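Worksheet: the structure to be examined is printed underneath.
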Amino acid sequence: MARIQGQHIKSIRTWGKHFLIELSGFSIRIHLLMFGSYRINERRESPARLSLQCSDHTELNFYACSVKFIEAELDDVYDWSSDVMSDQWNPAAARKKLRSSPQKLACDALLDQDIFSGVGNIIKNEVLFRVRVHPLSEIGALPAIKLRSLVDEARQYSFQFLELKKAFVLRQHWLAHNKRTCPRCNIPYKRAHLGATLRRSFFCEKCQKKYLLQI
DNA sequence: GAAAATGTTATCAT
DNA sequence: TATGATAACATTTT
């Protein structure tokens, strides 16, 4: 931690769920993982993993998070065009990556941070419901227009997620995640732990189509 | 009060 | 060596 002392903050940046504090010659990378939290000019009772006292008297505190140093230039480490909320987001590049893995499952594709940096499990469930795609669909079997809408919805819902979160009404606007019944069909959702990482999926077997590659 | 979960990464197997 | 499964971490919500 000593190397941070007295350093000038050159920039604050983000790449998906990575929170980056750029100093001269290296950067601090913070990831809140499942349970992390932060406070600005406030403190929690538990000890901070990282506490920054700035010369303008701003205090940044990070709790229960991963803190790592990045020794290289951030532009050399991160592909900003894969961040769904970046100005540099490139949906065509995302579609190209998806087309290169036709057997990948839709539920895995949305959680792939190299394609959709920033998308997590809640957004995955909400996006799949909104574009009516079954989580076990194979990416290569999606019609082009459906692939396009999935990519576009990943970005669009991510911005909506942020607005709802800031207004403290995220939860009440979920259409699929943690819900019991499909609001379109009024039938019970299926829930299962799917994909490579067995994350929770909530989906309607009636209105979310399962696209599969022909054998 | 137990169990599950907004996520990633280290480690061990294959 | 690359890929894959499992464990580990840590805190809030159900």
Side-chain angles (χ1 to χ4, degrees), chain A residues 1 13-21 27-40 42-51 60-72 74 77-80 82-86 94 97 100-130 135-136 138-139 150 153-181 188-203:
Chain A
M1 290 297 173
R13 308 175 74 174
T14 58
W15 181 80
K17 300 163 199 162
H18 295 210
F19 182 77
L20 304 162
I21 303 169
S27 297
I28 306 168
R29 191 209 80 171
I30 292 156
H31 198 305
L32 298 176
L33 296 148
M34 295 270 258
F35 315 121
S37 59
Y38 69 90
R39 294 290 187 273
I40 302 171
E42 290 174 19
R43 292 179 184 184
R44 305 194 62 159
E45 292 211 3
S46 52
R49 285 286 167 77
L50 178 68
S51 181
L60 303 178
N61 294 310
F62 299 92
Y63 304 90
C65 57
S66 159
V67 180
K68 289 193 170 179
F69 291 123
I70 294 176
E71 307 296 340
L74 293 180
V77 174
Y78 290 103
D79 174 6
W80 310 104
S82 56
D83 179 342
V84 293
M85 298 188 71
S86 168
K97 289 175 202 169
S100 74
S101 308
Q103 307 207 304
K104 207 179 186 92
L105 302 179
C107 57
D108 287 331
L110 277 163
L111 292 176
D112 187 333
Q113 300 299 294
D114 290 329
I115 306 174
F116 297 107
S117 172
V119 169
N121 200 42
I122 296 173
I123 294 176
K124 174 200 81 179
N125 283 321
E126 292 295 317
V127 167
L128 289 174
F129 176 75
R130 283 164 167 74
L136 293 178
E138 292 167 306
I139 287 296
L150 185 141
E153 189 64 31
R155 175 174 170 90
Q156 190 166 314
Y157 183 72
S158 293
F159 279 97
Q160 204 180 333
F161 182 106
L162 175 60
E163 290 310 310
L164 295 169
K165 181 79 175 168
K166 286 196 287 191
F168 300 99
V169 293
L170 175 65
R171 199 167 288 235
Q172 58 190 273
H173 285 268
W174 285 340
L175 298 178
H177 187 81
N178 241 359
K179 306 294 282 186
R180 306 191 100 84
T181 313
Y189 274 121
K190 290 288 177 190
R191 44 172 80 192
H193 292 81
L194 303 179
T197 50
L198 298 177
R199 303 299 303 279
R200 282 199 305 172
S201 286
F202 301 81
F203 55 98

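These numbers were taken from a predicted model, which means no experiment stands behind them. Each chain gets a letter, A, B and so on, in the order its sequence line appears, and its residues count up from 1.
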Steps toward side-chain hydrogen bond (donor to acceptor under 3.5 Å, both in side chains) verdict (K190(A), S201(A)): CA-CA 8 Å; K190(A) 290 288 177 190; S201(A) 286; over 6 Å; no
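- Across R29(A) and H31(A), no two heavy atoms sit closer than the pair NH2-CB, 4.0 Å.
- Both G36(A) and A196(A) sit near DNA chain C, but only A196(A) has its closest nucleotide nearer the 5' end.
- Residue whose closest nucleotide on DNA chain C sits further toward the 5' end, between R44(A) and L198(A): L198(A).
- Rounded to whole Å, the P atom of dG1(B) lies 22 Å from the corresponding atom of dA10(C).
- Looking at every heavy atom in both residues, R200(A) comes nearest to F202(A) through NH1-CZ, 3.5 Å.
- Taking only side-chain nitrogens and oxygens, H193(A) never comes nearer than 4.0 Å to OP1 or OP2 of dA4(B).
- Taken to the nearest 0.5 Å, the CD1 atom of I28(A) stands 10.0 Å off from the CG atom of L20(A).
- Contacts of K124(A) with the nucleic acid, taken as non-hydrogen atoms under 4.0 Å apart, are absent.
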Within the sub-3.5 Å range, which N or O atoms of nucleotides 6-8 of chain B have a protein N or O partner, and how far apart are they?
{"unit_1": "dT6(B)", "atom_1": "OP1", "unit_2": "H177(A)", "atom_2": "NE2", "d": "3.0"}
{"unit_1": "dT6(B)", "atom_1": "OP1", "unit_2": "R200(A)", "atom_2": "NE", "d": "2.9"}
{"unit_1": "dT6(B)", "atom_1": "OP1", "unit_2": "R200(A)", "atom_2": "NH2", "d": "2.2"}
{"unit_1": "dT6(B)", "atom_1": "OP2", "unit_2": "N121(A)", "atom_2": "ND2", "d": "2.9"}
{"unit_1": "dG7(B)", "atom_1": "OP1", "unit_2": "K17(A)", "atom_2": "NZ", "d": "3.1"}
{"unit_1": "dG7(B)", "atom_1": "OP1", "unit_2": "N121(A)", "atom_2": "N", "d": "3.4"}
{"unit_1": "dG7(B)", "atom_1": "OP2", "unit_2": "N121(A)", "atom_2": "N", "d": "2.7"}
{"unit_1": "dG7(B)", "atom_1": "OP2", "unit_2": "R199(A)", "atom_2": "NH1", "d": "3.2"}
{"unit_1": "dG7(B)", "atom_1": "OP2", "unit_2": "R199(A)", "atom_2": "NH2", "d": "2.7"}
{"unit_1": "dT8(B)", "atom_1": "OP1", "unit_2": "K17(A)", "atom_2": "NZ", "d": "3.4"}
{"unit_1": "dT8(B)", "atom_1": "OP1", "unit_2": "H31(A)", "atom_2": "NE2", "d": "3.4"}

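- The two residues E126(A) and H173(A) have their closest heavy-atom pair at OE1-O, 4.5 Å.
- For Q103(A), the CD atom is loosely surrounded, since the number of other residues' heavy atoms within 6.0 Å does not exceed 12.
- In terms of heavy atoms, A176(A) sits closest to F129(A) at CB-CB, 3.8 Å.
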Candidate pair V119(A) and V127(A), rule side-chain contact (heavy atoms from CB on, under 4.5 Å), full reasoning: CA-CA 10 Å; V119(A) 169; V127(A) 167; 6.0 Å; no
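- Between D112(A) and K104(A) there is a salt bridge, since at least one side-chain N of the basic residue sits less than 4.0 Å from a carboxylate O of the acidic one.
- Ring pair F62(A)/Y38(A) is tilted by interplanar angle, where 30° to 60° counts as tilted.
- Classification of the Y78(A)-W15(A) ring pair by plane angle, with boundaries at 30° and 60°, yields tilted.
- For DNA chain C, the stems formed by at least three consecutive Watson-Crick or G-U pairs, with both atom-pair distances below 3.5 Å, span B:2-5 with C:11-14, B:7-14 with C:2-9.
- In the 5' to 3' direction, nucleotides of DNA chain C lying under 4.0 Å from heavy atoms of chain A begin and end at dA10(C) to dT14(C).
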